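Below: one structure, written as structure tokens.
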Amino acid sequence: MADPVVSHSVPNAEPPSMWSGMIAILKRDLLIAFRQRTDMVNPLFFFIMVIALFPLGIGPEPGTLQKIGPGVIWIAALLSTLLSVDSLFRQDFDDGSLELSLLSPQPLFIMAFGKVVAHWLVTALPLICVAPVLSVMLFMDAATVKVTLYSLLLGTPILSMISAIGAALTVGLRKGGVLIAVIALPLYIPVLIFGTSAVEAASMTLPYVGQLAYLAAFLVLALTFAPFAIAAALRISVTSQ
């Protein structure tokens, strides 16, 4: 017969919920990012410099800059995302915490989703905050700037999800940055097309809701399926080492 004193001394610890695990990963990655501020500043500085160089390279003519503005902003956002995503899983892989995550009772796709959300908050959200200032520098009017923000808010999370799949597949390789670009760039194309198309339509006072609706649909698909693809890629990369 079990001793009642001993049986009451062991608490009935409940496993943490999936969302609490994701929030813990999110807080951890945000804390690491604020301690390593260069990872936050580099993509933002790259984004600003790419856009600032276009008026210097092709001249300050307002009509030309206004015409190419949507494409310039979107390509700069795309390249900044690629620049920052290589280190998304690298530190966890190097210190062994990624292997522990595979053994954790928490689903791996929840951990992957939390890391991608942290990556978007640290790298893409600052770009969206400075985009209106840079849009004015490209002579874009207020209505076009508003649609630019809408398109970036819908499109940049998709870019982060796609880039994370490439980063997960190449996390075990020492020089995986080029491979991430090869994997991710073809998948960026629909996002780039609909993002720039929405901004161009707004600049010509044409309907742009359809393009934003396509971006919203892509975002729903990315949020639904990309975490599972990232988790599968991480398992393949870690178990093949």
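The structure presented is a predicted model; accordingly, all values stated were derived computationally and were not measured.
When side chains are defined from C-beta on, Ser160 does not count as touching Val85, because their heavy atoms never get closer than 4.5 Å. Using a 4.5 Å heavy-atom cutoff, the side chains of Leu26 and Leu30 are in contact. For the pair Leu102/Arg235, a side-chain contact is recorded, criterion being any heavy-atom separation below 4.5 Å from C-beta on. Between Leu65 and Met137 the shortest side-chain heavy-atom distance does not fall below 4.5 Å. Counting heavy atoms from C-beta outward, Thr81 and Thr123 have side chains that stay 4.5 Å or more apart. Contact check for Thr224 versus Leu221: no side-chain heavy atoms found under the 4.5 Å cut-off. Between Leu215 and Ser151 there is a side-chain heavy-atom pair separated by less than 4.5 Å. By the 4.5 Å heavy-atom criterion applied to side chains, Phe113 and Leu223 are counted as neighbours.
Between Ile158 and Leu219 the shortest heavy-atom distance is CD1-N, 3.5 Å. For Ala124 against Thr156, the heavy-atom pair with the smallest separation is CB-CB, 3.9 Å. The minimum heavy-atom distance linking Ile165 with Ala229 is given by the pair CD1-CB, 4.0 Å. Pro132 approaches Cys129 most closely through the heavy-atom pair CD-O, 3.4 Å. Of all the heavy atoms in Ala118 and Asp29, the pair that sits closest is CB-CB, 3.6 Å. Nearest heavy atom pair, residue Ala77 against residue Leu152, reads CB-CD2, 4.2 Å.
No donor-acceptor contact under 3.5 angstrom links the side chains of Thr148 and Trp74, judged on distance only.
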Extract all donor-acceptor atom pairs below 3.5 Å that involve side chains of residues 191-202 and protein atoms in other chains or at least two apart in sequence.
| unit_1 | atom_1 | unit_2 | atom_2 | d |
| --- | --- | --- | --- | --- |
| Thr196 | OG1 | Leu192 | O | 2.7 |
| Thr196 | OG1 | Ile193 | O | 3.2 |
| Ser197 | OG | Gln211 | NE2 | 3.1 |

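Within 6.0 Å of the CZ atom in Phe46, the count of heavy atoms belonging to other residues, nucleotides or ligands exceeds 12. By the 6.0 Å contact criterion, CZ on Phe218 is enclosed, its count of non-hydrogen atoms from other residues, nucleotides or ligands being greater than 12. More than 12 heavy atoms of other shown residues, nucleotides or ligands fall within 6.0 angstrom of atom OH in Tyr188.
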Determine, step by step, whether Ile68 and Ile58 satisfy the side-chain contact (heavy atoms from CB on, under 4.5 Å) criterion, reporting the C-alpha distance in whole Å, the side-chain angles of both residues, the deciding distance to 0.1 Å, and the verdict.
CA-CA 11 Å; Ile68 67 171; Ile58 65 174; 3.1 Å; yes
Are Leu185 and Leu78 close enough, and set up right, to give a side-chain contact (heavy atoms from CB on, under 4.5 Å), and what steps lead you there?
CA-CA 9 Å; Leu185 281 176; Leu78 184 152; 3.6 Å; yes
May I have the step-by-step check of side-chain contact (heavy atoms from CB on, under 4.5 Å) for Thr144 and Asp141, ending in yes or no?
CA-CA 5 Å; Thr144 309; Asp141 55 44; 2.6 Å; yes
Should Gln36 and Gln91 be marked as a side-chain contact (heavy atoms from CB on, under 4.5 Å) after you check the CA-CA gap, both sets of side-chain angles, and the distance that decides it?
CA-CA 12 Å; Gln36 301 173 353; Gln91 187 173 355; 3.9 Å; yes
Worked verdict on Arg28 versus Asp92 for salt bridge (charged side-chain N to carboxylate O under 4.0 Å, His left out):
CA-CA 12 Å; Arg28 169 182 171 271; Asp92 289 351; 2.8 Å; yes
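A continuous path of ILVMFWY side-chain contacts below 4.5 Å connects Phe34 to Trp120, so both sit in one hydrophobic cluster. One hydrophobic cluster, built from ILVMFWY side chains closer than 4.5 Å, cannot hold both Val136 and Leu53; they sit in different ones. No continuous path of hydrophobic side-chain contacts links Leu212 to Val220 [ILVMFWY only; heavy atoms under 4.5 Å]. In the hydrophobic clustering of this structure, Ile23 does not group with Leu31; members are Ile, Leu, Val, Met, Phe, Trp, Tyr whose side-chain heavy atoms approach within less than 4.5 Å, directly or through other members.
Among residues at least two apart or in separate chains, side chain to side chain donor-acceptor pair (under 3.5 Å) pairs with a member in residues 56-73 are Glu61-Thr64.
The CG atom of Leu82 sits 5.0 Å away from the OG atom of Ser163 when rounded to the nearest 0.5 Å.
Using a 4.0 Å cut-off between charged side-chain N and carboxylate O, Asp86 and Arg90 make a salt bridge.
No donor-acceptor pair under 3.5 Å is formed between the side chain of Ser97 and the backbone N or O of Phe93. At distances below 3.5 Å, at least one donor-acceptor pair connects side-chain atoms of Ser237 with backbone N or O atoms of Ala168.
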